[in-house]
Asker: 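Submitted below is the structure of interest, expressed as C-alpha cells.
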Protein chains: 2
Amino acid sequence: MPRLAERLRRNSRKLTGPRQAILEILRQHPHPMSNKEIHSALPQGGGDLATVYRLMHLLEKSGMVKRFDLGDGVARFELIEEGDDGHHHHLICTRCSGVVEIEECVMGELEEKIAARNGFKAVTHRLEFFGICPDCQK
Amino acid sequence: MPRLAERLRRNSRKLTGPRQAILEILRQHPHPMSNKEIHSALPQGGGDLATVYRLMHLLEKSGMVKRFDLGDGVARFELIEEGDDGHHHHLICTRCSGVVEIEECVMGELEEKIAARNGFKAVTHRLEFFGICPDCQK
DNA sequence: GAACGAACTGCAAATCATTTGCAGTTCGTT
DNA sequence: AACGAACTGCAAATGATTTGCAGTTCGTTC
C-alpha cells in the first residue's frame, strides 16, 4: 500500500482521497477493470467518474497501470508491478466476458522478424484470445 | 464487380445505389477503412454515414468484410475474398497511422494449447503490431 | 501550524463513434 | 404496373470518454 502511494508521489503527484480509494480497488482486482467498474466499486461518494478517467490516464503515463483493449469498445486497466512492463495477454469468454490471464507470450521472435522486414522500430503488439469458457459451454 | 453484387444478393439483400458505391470504395482500398473514411470517399450525395454503418454490419454478418480493431477506438473494415476467412494481422505506425498487412500468422499452435489448457472452445485471437515506420523515423 | 500555489475534484457540458426511430423511397418480384 | 420487404436520409438517442470551470485539498514553505 505505501508502495503504490510512493510510486504516485515519485511522479510529483498528490495522493488524495479518491486516488487512494481507486488504487485500493485496483490492488484488489487481478483482472482488467473498466473505468465504470472501478467507479462503481468505489465506496459511495468515493470519487467522480471523470476523476477515475483522469487518474487512469495519469497512472498509464506513469507506467503504473497497463491499458487493455478487450474488443468491446471499453478500455480496461490492470495495475502492474514495479519494474515489470505488464506485458501479457488474456483469454476472454465471448458469452460471459470472463477473463483468464495468459502469461505465456511467444511473439518475441516473430515480432522482431516483422519489424526488421518492414523497417519498423520500437515494435510492440497487442494480442487477445477469445472463446467460450467451460461454464458457458453447458 | 458483379461478383460482389452477387455475394450481396446471395444474402437476400438488395443492391442499391449507396451499396454499390460503398462496395466500390472497399474494393479500391486494400487497407482497413473506417466508416467515416468510407463515407467521405463516397461521391457527394453518395450515401449517409448511418447507411455506411448499417451496410458494414450487414457485410460483416455476411462474411464479406472483416472488422479490425487497430486500437484507436474506431472500427475498420476490409473486404475479404470469397472462401477466405480474412484472417491476417497488421503492422501499424503509431506516428502516421500507416498500415502494413501481415499475412504470416504463427498463432495456431499456441492458440490450441491455450484453448485446451483452459477448457475453452472456439478460440480465436486478435493480434496487431505497432511501431514506427521507416518514414516516421527520419 | 498558518499560508500559498499547484494539483486535484465534482459537476455539467462537449466530443466522438455508433446506434436507432421514423417516415418516405427503392429494389426485386409478382 | 403494383406490392411489400428492404433500404435510405435525417435527426435524435446512446455510451464511452474528454474538457471547462470554479471551488477544494495536498505538500511545501516560512
Side-chain angles (χ1 to χ4, degrees), chain A residues 1-2 4-26 32-62 64-65 67-77 97, chain B residues 1-2 4-25 32-62 64-77 97:
Chain A
M1 162 211 102
L4 279 174
E6 192 209 317
R7 279 217 265 165
L8 230 204
R9 288 230 182 72
R10 201 179 306 156
N11 288 287
S12 62
R13 267 36 235 247
K14 290 188 184 177
L15 181 64
T16 61
R19 291 185 173 187
Q20 290 189 56
I22 294 171
L23 286 174
E24 183 54 34
I25 300 289
L26 286 173
M33 290 187 88
S34 69
N35 288 287
K36 197 182 278 186
E37 287 168 345
I38 295 170
H39 181 238
S40 22
L42 249 30
Q44 31 102 284
D48 192 71
L49 218 206
T51 297
V52 177
Y53 273 96
R54 282 187 278 230
L55 180 58
M56 297 321 284
H57 273 300
L58 198 62
L59 294 179
E60 187 184 14
K61 254 196 317 180
S62 309
M64 291 176 63
V65 301
R67 173 187 301 258
F68 286 97
D69 176 359
L70 270 33
D72 63 351
V74 181
R76 286 157 202 279
F77 304 85
S97 300
Chain B
M1 163 211 106
L4 279 175
E6 191 209 316
R7 280 217 264 165
L8 230 202
R9 288 230 183 71
R10 200 180 307 156
N11 288 287
S12 62
R13 268 35 234 249
K14 290 188 182 177
L15 181 63
T16 61
R19 290 185 174 187
Q20 291 190 55
I22 294 172
L23 286 174
E24 183 55 33
I25 299 289
M33 289 186 89
S34 68
N35 287 287
K36 197 182 280 187
E37 286 168 346
I38 294 171
H39 181 239
S40 24
L42 249 29
Q44 32 103 283
D48 190 72
L49 217 205
T51 297
V52 177
Y53 273 97
R54 282 187 278 230
L55 180 58
M56 297 321 286
H57 273 301
L58 198 62
L59 294 178
E60 187 184 12
K61 254 197 316 185
S62 309
M64 292 177 62
V65 301
K66 187 165 176 62
R67 173 188 299 260
F68 286 98
D69 176 359
L70 270 34
D72 63 351
V74 181
R76 286 158 202 279
F77 303 86
S97 299

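Everything quoted here is computed from the prediction, not taken from an experiment. Each chain gets a letter, A, B and so on, in the order the sequences are listed, and its residues count up from 1.
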Asker: Just wondering, do Asn11(B) and Lys61(B) contact through their side chains at under 4.5 Å, heavy atoms?
Answerer: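 Sidechains of Asn11(B) and Lys61(B): no contact.
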Asker: Compare side-chain N and O positions of Asn35(A) against OP1 and OP2 of dA16(D) and report whether any pair is under 4.0 Å apart.
Answerer: no
Asker: Provide, to the nearest angstrom, the distance between the NZ atom belonging to Lys36(A) and the C1' atom belonging to dT14(D).
Answerer: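 Rounded to the whole Å, the gap is 10 Å.
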Asker: Are any of the side-chain heavy atoms of Leu70(B) and Pro32(B) separated by less than 4.5 Å?
Answerer: yes
Asker: Between Leu8(B) and Leu59(B), is any pair of side-chain heavy atoms under 4.5 Å apart?
Answerer: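 In short, these two side chains touch, coming nearer than 4.5 Å.
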Asker: Would you mind classifying the nucleic acid contact of Ala50(A) as base, sugar-phosphate or nothing, using non-hydrogen atoms under 4.0 angstrom?
Answerer: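 If one applies the 4.0 Å heavy-atom cut-off, Ala50(A) turns out to touch a base.
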Asker: Under 4.0 Å, counting only non-hydrogen atoms across every strand here, what does Arg19(B) touch: a base, just sugar-phosphate, or nothing?
Answerer: sugar-phosphate
Asker: State, with a plain yes or no, whether a side-chain heavy atom of Leu4(A) is found less than 4.5 Å away from one of Met64(A).
Answerer: yes
Asker: Nearest 0.5 angstrom please: Thr51(A) OG1 to Leu58(A) CG, how far?
Answerer: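 Here the interatomic distance stands at 12.0 Å.
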Asker: How many Å lie between CE on Met33(A) and P on dA16(D), as a whole number?
Answerer: 15 Å
Asker: Ile38(A) versus Met56(A): any side-chain heavy-atom pair under 4.5 Å?
Answerer: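 When only atoms from C-beta onward are counted, Met56(A) and Ile38(A) do touch, with a gap below 4.5 Å.
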Asker: Mind listing the closest non-hydrogen atom pair of His39(A) and Gly47(A) along with its distance?
Answerer: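 Looking at all heavy atoms of both residues, the shortest contact is NE2-O, 2.9 Å.
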Asker: So Leu15(B), base contact, sugar-phosphate only, or nothing? Heavy-atom distance under 4.0 Å.
Answerer: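 Answer is sugar-phosphate: Leu15(B) comes under 4.0 Å of backbone atoms only.
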Asker: Search all heavy atoms of Gly71(A) against all heavy atoms of Asp69(B) and return the closest pair with its distance.
Answerer: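 Minimum heavy-atom separation between Gly71(A) and Asp69(B): CA-OD2, 4.1 Å.
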Asker: Reading DNA chain C in the 5' to 3' direction, which nucleotide is the first one with an atom under 4.0 Å from a heavy atom of chain B, and which is the last?
Answerer: dA17(C) to dG28(C)
Asker: Evaluate the side-chain proximity of His57(A) to Arg67(A): yes if any heavy-atom separation is below 4.5 Å, no if none is.
Answerer: yes
Asker: At under 4.0 Å between heavy atoms, what does Gly17(A) touch on the DNA or RNA strands: base, sugar-phosphate, or nothing?
Answerer: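 Touches nothing.
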Asker: Whole angstroms only, please: what is the CG-P distance between Asn11(A) and dG27(D)?
Answerer: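 Atom-to-atom, Asn11(A) to dG27(D), this comes out as 14 Å.
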Asker: Mind calculating the distance between NE2 (His39(A)) and P (dG15(D)) to the nearest angstrom?
Answerer: 17 Å
Asker: On DNA chain C, check which nucleotide each of Arg76(B) and Arg13(B) is closest to and give me the residue with the more 5' one.
Answerer: Arg76(B)
Asker: Give DNA chain C the dot-bracket treatment, 5' to 3': Watson-Crick (N1-N3 with N6-O4 or O6-N4) or G-U (N1-O2, O6-N3) under 3.5 Å, [ ] crossing, | other strand.
Answerer: |||||||||||||.||||||||||||||||
